[in-house]
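Okay, so here's the structure we're looking at.
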Amino acid sequence: MKYVNQSVRKKDAMALVTGQPVYTDDLVPDNCLIVKVLRSPYANAWVEEIKIGTAEQVSGIVCILTYKDVPQKRFTLAGQTDPELSPADRLILDRHLRFVGDAVAIVAGETEAAVDKALKRIKVKYRVETPVLELHKAKDNPILVHPEEDWCQKVPVGADNKRNLCASNVEAEGDVEEVLKTCKYTVDRTYHTKANQQAMMETFRTCCYMDHFGRLNVLASTQIPFHVRRILGNALDIPASKIRVIKPRIGGGFGAKQTAVCEIYPALVTWKTGRPSKIVYSRYESMIASSPRHEMEIRVRAGADENGIIKAIDVYTLSNAGAYGEHSPTTVWLSGHKPIALYRHTEAYRFAYDVVYTNVQAAGAYRGYGATQGIYAVESAVSELAEKIGMDPVKIRELNMPMEGEPLPAYGDVSCATSCAMDRCLAKAKEMISWDEKYPVRDMGNGKVRGVGVAMAIQGSSIAGVDVGGASLKLNEDGSYTLALGCTDMGTGCDTILAQMAAECMDTSMENVVTFGVDTDISPYDSGSYASATTYVTGNAVMQACEQLKEKITAFGAEMLHADLTEVDFDGMYVTDGENRVSLADIGRKSTCGNSCGLQVTTSYSSEISPPPFMTGMAEVEVDTETGEVKVLDYVAVVDCGTPINPNLARVQTEGGIVQGIGMALYEDVQYDKNGAVRNNSFMQYKIPSRQDIGKIRVEFESSYEESGPFGAKSVGELVIDTPCPAIANAIYNATGVRIRELPITAEKIAMGILEKGKVEK
């Protein structure tokens, strides 16, 4: 193939590296009002009285809005396809404040200095109540995070606001208890993952302005332009037809921008005043009032027979929604469905969960979307099970891993792996890291020990039967093509890979395909960039559009040649009947004059299945037994994402996901003080891994071919964050004999574990 499976440079590469104005704040009008939010200092409080008189007198202040000035209609900020599974539990501004950082008032002014001055002058009298800060104490607590009567769940997900439940359910197949009784070896372990920040470089930001038709135009750094339109319509209580959303380049999202975190504030200001306005979150605001990963505690019970065949898996997840329920009913599903599917011989499984409201900032989407937490827990438990059996952790996976054509227990929309190279991924990773020579531990002297660990991962390719991809392809008069997309390139390069597909299908050059970013007025509908959907779903839409347009071009060329359609061929440059030919440019020009058949196609695609990609990760760590310090020396990853459309971009995605996983495993932890305030609210306190922290990262691909995917492709975006946590945890155990079941695994925890282990051995 000329373009597909080739490492083509990103279309916007030069614009980005030369600092062209492509991001939201680069493109805002000069006369924008500056919008900021007054935030609650309490985790659970009611606004008894709010005085804005002296604040309004500040020169340059245009408006100050409080709970009295907003529609009293509850909505959710979760960017997911309708029907909305997240509960409608928010107002734009509410008297009841549910976490430290919740919005109390909105201030808009001509200058930032004026707005900052006005914020200090607003006087609020609060009625402070006791918060619920700990997830174990939330369910059925008499203190309710959402006592309001107009709280609403649109889809039954087991939620009950009078029990602080955002979602709850039990799913099972077979009799887990009976099968566990027959297993020779069992484990029962509980693992705890903390909230993590996505920490994208570009913070949340939005600009709004009214056009000459009286419509609200929204320029937003978002992964979900079409969902933002619906969310703002619900929040402002206006028809979505009065809202237009435009997405410029995004400086990173990783799921954070699948929640409409900040768009409602300037939207309300502009709708009220008619003036352009913008909000740009500081890093501090992005740390205290955003949408971090869900904290989860996961209990895993698993059993195997005398040969190491895993027969039963029981998973219970307790998930912390925080103050609002965005994405909470859906992230928790993946914490059980994905990891259980990794073990094909499972005869019985049970997956139960509770998602609870607490008085901390609301959690949301983050790369991996619940599967990351669940895979950490189940993969750790399987390694502990292997130890009980006395089996190499690679061996137990070889015996139980997914195989092409074999079952995927609990996965859902596909009962077996339609394409799978996990066996080759595991074998290749084992070879790359020299597992047999390094497992389990090597004493390097001077108190340094090295261990290796392994983990497998599975994700999905879109949400089956839900996600929609859209593509519009038209021929221009010079013979070039315009590819209009509704999906969101957030740095992953989807504009490039979709153009690669179009160029391959149309047998033209990449330079001849112009991609057009998202504008909800003119782009085809697309669910957005999340759930690992873009390559698979929108890619299929692009291929369909190409096939339909080729048919139109061929028919049009045949008409120009006065030839029968069966007598002509189209080779990407010419339509020819063997003797005569007409060029693509001639067809393009002719199609603009006296033509009743437009050479433009718009297609949509939705899949009833979500074929999973697979991955094996292996880590080598060095631990200082005196201090507990851990260094990740080497991380090898072998990925099956079907056909990689652009291997370089797939490799970069994989490397980035691994680094984020290393951060989750060793460093990152959103911490709250006793009053519910975020303690590590800047990059000075919230540590993400630097280049010095990650050692070598080596990535290879073992391609399968997914029949339902474009050119055999599956997704890669989320999968790649899933293996570092369990692989590193297992490597640390193999190195030190200390099993730590709570992330992050800090030097202090390791050092204390080594001390305790020494006391026991004595």
Side-chain angles (χ1 to χ4, degrees), residues 23-25 35-44 77 90 97-104 106 112 116 119 131 133 135 193-206 220-223 250-265 279-296 320-324 326-328 331 358-368 372 490 659-660 662-690 693 721 743-744 746:
Y23 297 103
T24 299
D25 204 33
V35 177
K36 292 194 177 187
V37 176
L38 179 69
R39 300 192 178 278
S40 171
Y42 302 108
N44 188 12
L77 293 178
R90 278 190 184 263
L97 307 169
R98 296 175 175 85
F99 70 96
V100 176
D102 210 350
V104 178
I106 305 167
E112 187 172 8
D116 287 341
L119 284 168
L133 300 176
L135 81 166
T193 67
K194 300 295 194 68
N196 310 134
Q197 286 286 357
Q198 296 88 348
M200 61 281 173
M201 290 304 295
E202 183 196 36
T203 59
F204 302 96
R205 54 198 60 199
T206 300
S221 179
T222 179
Q223 298 172 222
I250 300 178
F254 310 115
K257 294 171 184 175
Q258 195 192 335
T259 302
V261 169
C262 71
E263 287 86 343
I264 52 175
Y265 303 122
I279 191 167
V280 176
Y281 271 30
S282 64
R283 181 60 60 185
Y284 170 77
E285 286 180 293
S286 292
M287 300 297 279
I288 69 157
S290 54
S291 56
R293 188 187 295 282
H294 288 76
E295 174 192 16
M296 291 186 184
N320 189 351
Y324 300 97
E326 284 96 23
H327 299 283
S328 289
T331 50
T358 61
N359 291 115
V360 299
Q361 68 179 317
Y366 186 178
R367 192 179 205 164
T372 310
M490 51 179 169
V659 172
Q660 287 179 310
I662 291 171
M664 182 176 175
L666 299 178
Y667 306 107
E668 299 183 47
D669 176 9
V670 178
Q671 300 173 7
Y672 295 90
D673 67 19
K674 64 179 181 179
N675 297 315
V678 176
R679 295 174 57 200
N680 43 355
N681 53 33
S682 78
F683 283 156
M684 292 296 290
Q685 296 91 18
Y686 186 85
K687 299 299 184 182
I688 59 176
S690 72
D693 299 315
I721 198 173
L743 301 181
T746 61

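Numbering starts at 1 and runs along the sequence shown.
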Which heavy atom in [X] sits nearest to a heavy atom in [Y], and how many Å separate them?
| X | Y | result |
| --- | --- | --- |
| Pro292 | Ala362 | CD-O, 3.4 Å |
| Asn196 | Tyr686 | CA-OH, 3.4 Å |
| Asn359 | Leu133 | O-CD2, 3.4 Å |
| Gly364 | Thr259 | CA-OG1, 4.5 Å |
| Ile250 | Tyr23 | C-CE2, 3.7 Å |
| Thr372 | Ile721 | OG1-CG2, 3.4 Å |

Evaluate side-chain hydrogen bond (donor to acceptor under 3.5 Å, both in side chains) for Asp102 paired with Tyr324, printing each intermediate quantity in order. CA-CA 10 Å; Asp102 210 350; Tyr324 300 97; 2.7 Å; yes

*Please check if atom CD in Glu112 has more than 12 non-hydrogen atoms from other residues, nucleotides or ligands closer than 6.0 Å.*
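No.
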
More than 12 heavy atoms of other groups within 6.0 Å of Tyr284 OH: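 No.
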
Side chain proximity check, [X] to [Y], heavy atoms < 4.5 angstrom:
| X | Y | answer |
| --- | --- | --- |
| Thr206 | Thr222 | no |
| Gln361 | Val670 | yes |
| Arg679 | Gln685 | no |
| Leu77 | Ile264 | yes |
| Thr203 | Arg283 | yes |
| Lys257 | Met200 | yes |
| Asn675 | Val100 | no |

Next item on the list: Determine, stepwise, if the pair Glu202 / Ser221 fulfils side-chain hydrogen bond (donor to acceptor under 3.5 Å, both in side chains).
Entry: CA-CA 9 Å; Glu202 183 196 36; Ser221 179; 2.6 Å; yes

What distance do [X] atom [atom1] and [Y] atom [atom2] have between them, rounded to the nearest 0.5 Å?
| X | Y | atom1 | atom2 | result |
| --- | --- | --- | --- | --- |
| His294 | Thr193 | NE2 | OG1 | 10.5 Å |
| Thr331 | Glu326 | OG1 | CD | 11.0 Å |
| Ser282 | Arg205 | OG | CZ | 10.5 Å |
| Ile288 | Phe99 | CD1 | CZ | 7.5 Å |
| Phe204 | Gln198 | CZ | CD | 6.0 Å |
| Asp116 | Lys36 | CG | NZ | 3.5 Å |

Are the charged groups of Glu668 and Arg293 less than 4.0 angstrom apart, N to O?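 Result for this pair is no, no salt bridge flagged.
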
| So does Glu285 pair up with Arg39, basic N to acidic O under 4.0 Å? |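 So Glu285 pairs with Arg39 through a salt bridge.
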
Worksheet entry | Check against side-chain contact (heavy atoms from CB on, under 4.5 Å), Thr24 and Val280 | CA-CA 10 Å; Thr24 299; Val280 176; over 6 Å; no

Q | Partner residues of Gln258 under the side chain to side chain donor-acceptor pair (under 3.5 Å) criterion, sequence neighbours left out | A |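 Here no residue qualifies.
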
